[in-house]
Amino acid sequence: MTPRSNIRIDLIALLAACALFLSTIEYMIPKPIPFMRLGLANIPLIIALGIFSNREYFLLLLLKVLGQGLISGTIFSYIILFSLAGSVSSALIMLLIYTLFKEKVSRVGISIGGALGSTISQLLISRLILFKEATYVIAPLFLFSGLISSIILGFFAQRFIQKSRWYHSIKDLSI
């Protein structure tokens, strides 16, 4: 392994650790409705756009999902399907938006796209295996809360990218 690839592995591990830390913090926050989450662990994924190759980005995503499953104790339950479906669809949409519209869409817009993709995929899974037709009752609340939290998370990620010297130093190492 080259020193450059070691640095990239360290960066993936660092951002995965940040995602797990944020996930742990999120589990301490009371939820008004079960399954409803703010998505704090997605901040490292939003920040990682443009730093990693697609393969490295999806490795970060996999570490996030598996880590969250371990932290929450859901890794061997059907609940992991919700996390996996939401995270994969969110990451795909965010990566697509970033790739196609780098200079035209802020991290807020990217975060909104990812949240909508995540929420819709989780609602589809919910309809298939859990709530059936009653999913339509909870859909507006989940879509609205996802929109609000994604705006806040996207704004935070955007400010971090704009102000962080650390981010700009690792951005220079990427691509």
Side-chain angles (χ1 to χ4, degrees), residues 10-52 56-75 77-98 105-126 138-168 170-171:
D10 290 347
L11 286 173
I12 293 167
L14 177 66
L15 288 175
C18 288
L20 296 181
F21 172 75
L22 292 169
S23 183
T24 303
I25 297 297
E26 186 168 347
Y27 280 109
M28 290 188 238
I29 299 170
K31 293 167 195 59
I33 297 173
F35 304 115
M36 187 175 284
R37 301 188 51 211
L38 297 172
L40 295 178
N42 290 319
I43 291 173
L45 285 168
I46 298 167
I47 291 170
L49 288 165
I51 294 174
F52 298 132
E56 293 166 331
Y57 188 73
F58 282 101
L59 174 59
L60 174 60
L61 170 76
L62 179 64
L63 292 171
K64 172 195 163 267
V65 170
L66 292 176
Q68 283 180 315
L70 286 171
I71 289 169
S72 66
T74 60
I75 196 162
S77 75
Y78 71 93
I79 300 295
I80 196 78
L81 294 174
F82 288 91
S83 181
L84 190 60
S87 293
V88 169
S89 61
S90 174
L92 284 170
I93 289 170
M94 290 192 303
L95 193 57
L96 182 67
I97 292 170
Y98 178 81
V105 178
S106 72
R107 299 293 188 191
V108 175
I110 291 169
S111 180
I112 291 170
L116 290 175
S118 174
T119 304
I120 290 168
S121 67
Q122 289 177 353
L123 287 169
L124 289 173
I125 298 248
S126 173
I138 62 170
L141 179 61
F142 277 86
L143 288 165
F144 180 72
S145 66
L147 175 65
I148 298 303
S149 67
S150 68
I151 290 170
I152 294 166
L153 297 176
F155 178 75
F156 179 81
Q158 186 72 40
R159 293 287 294 170
F160 179 83
I161 288 167
Q162 290 170 343
K163 302 286 183 183
S164 172
R165 281 188 251 152
W166 174 83
Y167 176 83
H168 291 286
I170 64 166
K171 181 78 168 136

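Here the structure is a predicted model, which means the values were calculated and not measured. Nothing fancy with the numbering, it's 1 onward along the sequence.
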>> Distance check, rounded to the nearest 0.5 Å: S83 atom OG versus I125 atom CD1?
In response: 10.5 Å
>> Is there a side-chain contact between S23 and K64 in this structure, where contact means two heavy atoms from C-beta onward sitting under 4.5 Å apart?
In response: no
>> Using a 6.0 Å cut-off, check whether atom CZ of F21 has over 12 heavy atoms from anything other than its own residue.
In response: no
> Do the side chains of Y57 and I51 get nearer than 4.5 Å, heavy atoms only?
Replying inline: no
> Do L15 and L45 come close enough that some side-chain heavy atom pair is under 4.5 Å?
Replying inline: no
> Looking at S87, S77, S126, which hits side chain to side chain contact (heavy atoms under 4.5 Å, CB included) with F82?
Replying inline: S126
> Got a second to check how far I110's CD1 is from I97's CD1, nearest 0.5 Å?
Replying inline: 6.5 Å
> Between L147 and S150, which heavy-atom pair has the shortest distance, and what is it?
Replying inline: O-OG, 2.8 Å
> When you look at OH of Y167, are more than 12 heavy atoms from neighbouring residues, nucleotides or ligands closer to it than 6.0 Å?
Replying inline: yes
> Roughly how far apart are R107 CZ and L49 CG, rounded to 0.5 Å?
Replying inline: 5.0 Å
> Would V108 and I112 count as a side chain to side chain contact (heavy atoms under 4.5 Å, CB included) if you check the C-alpha gap in whole Å, the side-chain angles of each, and the deciding distance to 0.1 Å?
Replying inline: CA-CA 6 Å; V108 175; I112 291 170; 4.0 Å; yes
>> Using 0.5 Å steps for rounding, measure from the CD atom of E26 to the CG atom of L22.
In response: 8.5 Å
>> How close do I80 and I75 get, counting heavy atoms only, and between which atoms?
In response: CG2-O, 3.8 Å
>> If I compare all heavy atoms of L20 with all of L63, which pair ends up nearest, and what's the gap?
In response: CD2-O, 4.2 Å
> Do L40 and I29 come close enough that some side-chain heavy atom pair is under 4.5 Å?
Replying inline: yes
> Hey, what do you get for CD1 (I47) to CZ (F160), rounding to the nearest 0.5 Å?
Replying inline: 5.0 Å
>> Determine whether a donor-acceptor pair (N or O, by modelled atom type, separation under 3.5 Å) exists between the side chain of T119 and the backbone of L143.
In response: no
> Could you state the interatomic distance from CD (Q158) to CD1 (I46), rounded to the nearest 0.5 Å?
Replying inline: 10.0 Å
> Is the shortest heavy-atom distance from the side chain of L62 to the side chain of F58 under 4.5 Å?
Replying inline: no
